[in-house]
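First the proteins, then the strands, lettered A, B, ... as listed; each starts at 1.
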Protein chains: 2
Amino acid sequence: MDEIARRAGVNKAMLYYHVGDKAALYAEVVLGFIALVEAETGRRMASEASPTGRLRALQETFLTLALTHPSYPQIMMREIASGGANLPAAALQRMAQVLGNTHRIVSDGLASGEFRPVDPIVAHLLIVGGAVFMANALRLRDRLSAAGAELPAEIPKPATIADRVTDILLFGIAARPAAGGSL
Amino acid sequence: MDEIARRAGVNKAMLYYHVGDKAALYAEVVLGFIALVEAETGRRMASEASPTGRLRALQETFLTLALTHPSYPQIMMREIASGGANLPAAALQRMAQVLGNTHRIVSDGLASGEFRPVDPIVAHLLIVGGAVFMANALRLRDRLSAAGAELPAEIPKPATIADRVTDILLFGIAARPAAGGSL
DNA sequence: TGTCGGTTTAACCGATCGGTTAGTTGTCGG
DNA sequence: CCGACAACTAACCGATCGGTTAAACCGACA
């Protein structure tokens with residue numbers, strides 16, 4: 001709290017006066033982020049009709065948001081790691097609704113024959129987790145390559161990364177003409 | 001450190017006497033986990049020949065380890081979230097080698113025609129991230145369903161989850177007989 | 001038996017952290 | 001001009017945390 005106040009250029013007591021205690025401030029940040037996710041996915045979903053297009057748009061939205069707001073996937077990872085110990089109930093409710101979106105898209109895709117019968121929850125976790133994980137991993141790049149990892153010299157643009165992630169995930173989820181997949 | 005000593009049933013000063021300070025203790029834990037990952041992946045890799053089998057085995061190994069040792073994916077997520085701020089250099093080096101394994105498998109699969117030309121690093125992050133994320137997300141289940149998410153009543157067995165994750169990822173990475181995929 | 005080195009313990013220390021408080025400043029209506 | 005109330009500040013408080021210390025314990029070996 002001291003550091004937050006300092007970097008915000010305000011007196012620490014003002015945080016408590018205007019926002020409340022640490023948990024309230026944290027809830028404000030998390031809920032603000034969730035609202036951004038809702039607004040952005042809603043906007044992107046509106047212009048996509050097919051389940052394939054919607055799922056791709058969903059993945060791209062998550063990844064773009066994660067890359068443009070680096071602190072958010074950081075918070076999300078820490079929160080998931082702790083089992084949501086610090087998440088206010090309202091945040092969990094709205095996260096459940098986002099999960100419901102993916103669930104619906106996958107169900108639609110399965111009904112229309114576009115998707116293979118994959119587990120919607122696993123699909124959702126891979127989509128969101130892929131975006132969040134990818135965004136966070138970028139910060140490890142420099143340290144990893146210094147440790148001897150074979151990484152390409154330059155970081156691909158966010159759009160390129162999104163394409164590659166979506167490529168793997170969607171080609172795994174989309175139904176193929178022949179070659180059935182019970183596995 | 002107080003709580004660690006208490007739950008370990010030893011006097012706190014003994015931690016400092018035998019192990020060292022907090023960073024040393026943490027490094028011990030992280031390196032122990034990485035050694036476990038190395039041993040387990042090595043064991044599984046030895047009995048798999050094809051790139052497909054190796055990649056599947058890799059994913060299953062990560063997921064199984066993450067599910068049987070819940071504290072490890074927790075630590076990994078926090079560490080990735082912080083950009084590896086607390087990772088000792090040795091840990092980063094060995095993590096880079098694990099990354100190299102995936103890179104090699106994907107390259108082999110591409111050379112043998114089993115895989116589509118996917119980004120090996122993205123593939124690695126999805127494989128590891130999928131396992132880590134999945135394992136951590138299980139702890140959110142109860143709270144999410146209480147918040148109204150549509151989740152199945154019972155938790156699938158780890159092996160089932162591993163199958164579903166691998167199903168999506170591998171069918172996205174594996175080459176298909178016809179129906180090429182430039183996307 | 002004495003003592004010497006490694007081991008263990010309870011108590012302690014300074015720094016940090018989340019949060020509060022008493023008091024000051026600013027401002028707006030009467 | 002002044003009272004009143006919101007906005008703001010510096011200083012403070014108790015709890016917690018990582019880490020240390022001085023003394024006690026204990027087995028081995030002379």
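With A:R94 as reference, A:L31 is the one residue of A:L31, A:V30, A:V37 to meet the side chain to side chain contact (heavy atoms under 4.5 Å, CB included) rule. The only member of A:N101, A:T102, A:D108 that meets side-chain hydrogen bond (donor to acceptor under 3.5 Å, both in side chains) when paired with A:R104 is A:N101.
For the pair B:S47 (side chain) and B:R44 (backbone), a donor-acceptor distance under 3.5 Å is present. Judged by distance alone, the side chain of B:R143 and the main-chain N or O of A:L92 form no donor-acceptor pair under 3.5 Å. Of the possible polar contacts, one joining the A:S82 side chain to the A:E79 backbone as a donor-acceptor pair under 3.5 Å is found. Not a single donor-acceptor pair under 3.5 Å links the side chain of A:D167 to the backbone N or O of B:V118.
When DNA chain C is scanned in the 5' to 3' direction for atoms under 4.0 Å from non-hydrogen atoms of chain A, the outermost contacting nucleotides are C:dG18 to C:dT21.
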Identify all side-chain donor-acceptor contacts of residues 13-21 of chain A below 3.5 Å with residues at least two apart in sequence or on another chain.
residue : atom : partner : partner atom : Å
A:D21   : OD1  : A:A23   : N            : 3.4
A:D21   : OD1  : A:A24   : N            : 3.1

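Contact annotation for A:N11: base contact, defined as any heavy-atom pair under 4.0 Å involving a base atom. Using a 4.0 Å heavy-atom criterion, one finds that A:M1 contacts the sugar-phosphate atoms exclusively.
Here D:dA10 presents its P atom at 17 Å from OH of A:Y16, a figure rounded to the nearest Å. Taking atom CG of A:D2 as the reference point, atom C1' of D:dA11 lies 12 Å away to the nearest angstrom.
Note: B:H124 and B:F62 have perpendicular aromatic rings, judged against thresholds of 30 and 60 degrees for the angle between ring planes.
Dashed line: the shortest gap from a side-chain N or O of A:H18 to OP1 or OP2 of D:dA6 is not under 4.0 Å.
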For nucleotides 22-27 of chain D, list the nitrogen or oxygen atoms of the protein found under 3.5 Å from its nitrogen or oxygen atoms, one pair per line.
none

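For A:Y17, whose side chain is taken as the heavy atoms from C-beta onward, the closest listed nucleotide among D:dT20, D:dT9, D:dA6 is D:dA6.
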